[in-house]
Amino acid sequence: MTRKAKNILFIMFDQLRYDYLSCTGHPSLNTPHLDALAGKGVRFSHCYVQSPICGASRMSFYTGRYVHSHGAAWNNFPLKVGEVTLGDHLRERGMDSWLIGKTHMSVDQAGMDRLGISRDGVIGARVAECGFDVFLRDDGLWGEGPQGFYDKRRSPYNEYLKGQGYEAENPWQQNANAGVDEDGGVASGWFLRHADKPANIKEEDSETPWLTGQAIEFIKTQDANSAGPWMCHLSYIKPHWPYIVPAPYHDMYTAENVLPVVRSDGELQNPHPVYEQFMQNEIGQTFSKPGVREKVIPAYMGLIKQADDQMGRLFNWLDENGHMEDTMIVVTSDHGDYLGDHWMGEKDLFHDPSVRVPLIIYDPSQEADTTRGTVCSALVESIDLAATFVDLAGGDVPDHIIEGRSLLPFLHGQNPEAWREYVVSEYDYSATPEAAALGLDPKQARLFMLADKDWKFIFADGGFRPLLFDLKNDPKELNDLGADLGHAEVINMFMKRLSEWARRPSQRTTVSNDTLLKKRDGSAADVGIFIGVYDERELPYDVIEKTIRRR
Ligand SMILES: O=[N+]([O-])c1ccc(OS(=O)(=O)O)cc1
């Protein structure tokens with residue numbers, strides 16, 4: 001029997017840097033389970049997200065479209081009701097599309113109201129959840145301040161913890177993301193100085209194992225109902241902040257395992273004004289203080305180690321239940337984490353620690369046997385996954401809607417024709433304090449990164465000069481050449497590419513390219529429209545006799 005991928009398990013971690021797995025080069029963070037998956041599949045070494053911020057990046061994963069196309073450009077900017085999602089494409093091809101975990105999707109309520117779509121119906125429920133059917137939605141940020149919760153939804157995770165006997169009002173905040181201080185009080189994981197404490201929760205109750213258990217339950221249900229084929233988006237919140245992890249992971253790594261920081265004094269001298277603002281924010285300042293990385297990074301590594309162990313648990317279960325034979329497994333992240341590199345914390349800008357992500361794809365199909373254990377260095381964008389999944393589900397990828405390209409040819413040992421020469425990522429910081437500090441109108445607070453293997457170019461709207469990094473000679477991206485007149489030619493080349501990219505027909509989504517090509521052959525005369533004809537004898541006899549001159 002020929003082996004063939006039937007289902008897709010699309011696993012996303014949140015804020016997982018491309019270089020924090022052993023298979024991507026980390027020298028002391030050992031991740032044998034993810035490494036083993038890479039050994040059975042293909043690891044893509046140059047995968048970039050469409051925006052280094054969660055919400056915008058995810059909407060690109062879930063639509064296969066650039067941020068500039070779908071418009072949901074920052075966290076909680078609603079995704080337009082009209083956007084066609086991965087779920088829509090897959091269901092059309094007979095594959096279900098399920099969610100377990102985080103999407104950061106905000107519903108376009110005004111759009112739903114305008115079209116009279118209620119969330120109570122199947123269609124409305126899917127539109128409100130980014131095209132997914134929801135097995136479990138948990139965005140994993142149950143922070144609570146004087147004005148209430150960041151996330152107004154019911155927290156299924158808190159309900160689970162309360163069911164397990166945790167008595168706090170908000171055990172996500174008081175247990176899963178907090179330790180215990182010297183006086184027995186709550187040592188909140190929001191404060192980085194507590195990152196080395198064990199979280200005050202049983203390891204098996206913490207977020208990553210809990211969600212893994214949910215995934216196993218989901219697949220059991222599918223199996224019991226003989227359902228499928230399915231695409232399941234298993235979407236973890238970790239290793240995203242708060243940086244705190246339960247025992248035994250909290251002290252598996254020490255300051256000695258922390259990689260040397262990647263930053264230079266030169267970056268502080270005359271920096272680009274936008275970069276300067278982000279470096280100067282509280283996160284950048286804190287991560288630049290002595291000792292902070294040494295506190296935080298071991299916890300970040302512990303969270304990844306725990307995630308890898310949970311991958312071992314999940315892959316084992318899949319294996320025991322025959323699903324390693326029929327399920328494509330994809331592992332990636334929505335963006336990275338600066339962790340103090342380049343004097344930055346968080347993400348937001350375009351240095352590799354922020355915009356580059358790990359991507360591993362395991363395809364059980366026989367066609368993929370020749371590429372197992374290989375590394376593909378093609379320039380890949382996160383929007384390529386939607387195209388890949390649609391390709392796997394069957395039929396042509398609708399390239400007038402999905403802007404990414406299928407990676408199946410790479411997985412099957414073929415060389416796709418005319419692969420892209422550069423990747424694009426965008427950042428709309430119009431709603432941030434950094435934009436306010438720079439005195440920018442919302443229209444101006446936008447950045448566009450274009451990168452190939454040699455150069456990374458960042459166009460900054462608002463009248464600023466661009467940024468430019470010579471990746472061949474400065475792979476750590478420490479020397480911004482954007483103001484260097486000697487590089488005018490490279491900058492010009494990228495300005496042309498930006499212009500080419502910006503002109504793509506991204507909004508012509510209601511007519512396929514095939515339809516356009518077919519229209520060229522059709523004649524308006526066939527339907528009785530004769531434009532610019534001087535003499536009826538120019539037309540075929542029967543067109544005239546059977547239509548215009550007919551009595
Ligand atoms: O400002 N916030 O509320 C915020 C910022 C970043 C953030 O992280 S993200 O990974 O979900 O983008 C979540 C919330």
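Counting starts at 1 for both ligands and their atoms, following the listed order. Since we're looking at a predicted model, the values are computed, not measured.
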Establish, from distance only, whether the side-chain atoms of [X] and [Y] form a donor-acceptor pair under 3.5 Å.
X: W210; Y: E204; result: no
X: Y300; Y: Q15; result: no
X: E477; Y: H342; result: no
X: N281; Y: E434; result: yes

Donor-acceptor pair, side chain of D452 and main chain of Y422, under 3.5 angstrom: no
Should the pair E83-R65 be classified as a salt bridge under the 4.0 Å nitrogen-to-oxygen rule? yes
Tell me the residues surrounding ligand 1, counting only those with a heavy atom closer than 4.0 angstrom, sorted by chain and number. D14, Q15, I53, C54, N75, K102, H104, L141, Y150, H240, W241, H335, E346, K347
